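Here is how names work: the chains are called A, B, and so on, in the same order as the sequence lines, proteins then strands, and each is numbered from 1. Quick caveat, the model's predicted, so the values are computed rather than measured.
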2 protein chains.
Amino acid sequence: MTRTPLSGVACSIARASDLFGDAWTALIMRDVLVGLRRFDELAQDLGLSRKVLAARLARLVEEGVLTRERYQDSPPREEYVATEKGREFYPVLLALMAWGDKWHAGPAGPPARIRHNACGHLATPVVACDACREPLTVADTTQLPGPGGRVGPGTQLLGPLIAARGEEVSEPVTAPDTVRSAPS
Amino acid sequence: MTRTPLSGVACSIARASDLFGDAWTALIMRDVLVGLRRFDELAQDLGLSRKVLAARLARLVEEGVLTRERYQDSPPREEYVATEKGREFYPVLLALMAWGDKWHAGPAGPPARIRHNACGHLATPVVACDACREPLTVADTTQLPGPGGRVGPGTQLLGPLIAARGEEVSEPVTAPDTVRSAPS
DNA sequence: CCGATGGGTTCCCTGAGGGAACTCACCGAT
DNA sequence: ATCGGTGAGTTCCCTCAGGGAACCCATCGG
């Protein structure tokens, strides 16, 4: 199927989906972030074919999300470790888990819990506004065009709609300085 | 490939990935949540084959994430609307978008911005602890086994690791009452 | 020398994804 | 009454990515 490449598309969700929009990749990241790092451990825990695991790991390393590191020399052994880019994917997994817990938990309740060590509570992750820390919902947010907007054909994901909104609300709102510049 | 079914696995991330672990589904949800609801609009905006779009939409309806509603009778026309389950997926998309913005934004910056209407700020979504509202990171959280834990073979995703942790910290922490029961 | 790890690679087979054409029901204009 | 257009899919064919399982190679422990 040659999986239409989404990496070129001007939408961060699309770019992220290009990598993680595959059932295994998210699960691999979860495992690695939680402490499973060796090839065989991953293969067994996930139950996916070793071929696909090798391919996914290679891709993740290539994308700078994981690194392959030697942890012993005598019989050479490698392990996969998350980079900062990889570690920062953890919140996305938490958001996904929270959704799954809420909408797909069996009668017994969620299969796993997250403890927030800083405050000691069992946490239900919420996606919040960095400015006011209130939860963000569809109803309470507006999508605006950003600086890296649509470029070229096949790229106008949401183009029309966002452009229309952009005219309605061309004034950049009260505090544009709140916006963080991406450190990348 | 018969895509190993993950729905039976005792892990909410796996269950959610079973649905959204496909490059298109997340993008379809984004479009629907943001206002594109008609078949052709979606097909054109996303640039995916109509066949796959039809399949994905059917799946999403079946899963109760979208509903198919008639918005006009004369020539019968249908549109896809997000249910509450679907609307609650929005935060996951925001988390994904924030990650993409940070790690994959081109030199021009992020392609889109989110305004939080309640506080008026352009928001950078953060995944926070519902109790203290501080951001959650891998380093500052611990995964514990939950009530709906591993059941049956092929299900022990993270089984060993989490079980081991469970012994280290068998005491359920300070405030177990903070835990919300899944409304499902 | 034997067998067991760890970490992959190779082979074959199926079926999901892409592309594009076809269908059907209705409408509005000529 | 026919022509063309639109929304919403369906059908067909073809290729290639995923699953399964076997194979490979280096190194160690006994």
Report the residue (A/D73 or B/A54) whose heavy-atom-nearest nucleotide on DNA chain D is the more 5′ of the two. B/A54

Establish, with yes or no, whether the OP1 or OP2 oxygen of D/dA8 is under 4.0 angstrom from a side-chain nitrogen or oxygen of B/Y71. yes

Provide, to the nearest angstrom, the distance between the CD atom belonging to A/E69 and the C1' atom belonging to C/dG6. 17 Å

Length of the line joining B/R59:CZ and D/dG9:C1', which is rounded to integer Å: 20 Å

B/R38, nearest nucleotide to its side chain (from D/dG7, D/dG19, C/dC26): D/dG7

Which whole-number value in Å describes the distance from B/L42 CG to D/dG9 P? 10 Å

Kindly give the heavy-atom pair with the smallest separation between B/V127 and B/A95, and that separation in Å. CG2-CB, 4.0 Å

Looking only at side-chain atoms of B/D40, point me to the closest of D/dA8, C/dG7, C/dG19. D/dA8

If only side-chain N and O atoms count, and only distance matters, is there a donor-acceptor pair under 3.5 Å linking A/Y71 with A/R38? yes

Closest approach to the side chain of A/R77, judged atom by atom: which nucleotide of D/dG18, C/dG18, C/dG6 is it? C/dG6

May I ask you to check whether B/F89 and A/W103 place their ring centres under 6.0 Å from each other? no

Whole-Å distance separating the CZ atom of B/R56 from the C1' atom of C/dG17: 8 Å

Verify the neighbour count for atom CD of B/E69: are there more than 12 heavy atoms of other residues, nucleotides or ligands below 6.0 Å? yes

Does A/Y80 have a side-chain nitrogen or oxygen under 4.0 Å from the phosphate oxygens OP1 or OP2 of C/dG6? no

Please determine whether a side-chain nitrogen or oxygen atom of A/W24 lies at a distance below 4.0 Å from atom OP1 or OP2 of D/dA17. no

Rounded to the Å, how far apart are B/L57 CG and D/dG9 P? 7 Å

Has the side chain of B/R50 got a donor or acceptor atom sitting under 3.5 Å from an opposite partner on the base of C/dG19? no

Expressed in angstrom and rounded to an integer, what is the separation of A/Q44 atom CD from C/dG8 atom P? 16 Å

Side-chain donor-acceptor pair under 3.5 Å between A/T137 and A/D140, yes or no? no

B/R68 side chain near D/dG9 phosphate (N/O to OP1/OP2, under 4.0 Å): yes

In whole angstrom, what separates A/I28's CD1 from C/dG8's P? 12 Å

Would you mind reading off the distance between B/L60 atom CG and D/dG9 atom P, rounded to a whole angstrom? 13 Å

Return yes if the base of D/dG19 and the side-chain atoms of A/K51 contain a donor-acceptor N/O pair under 3.5 Å, otherwise no. yes

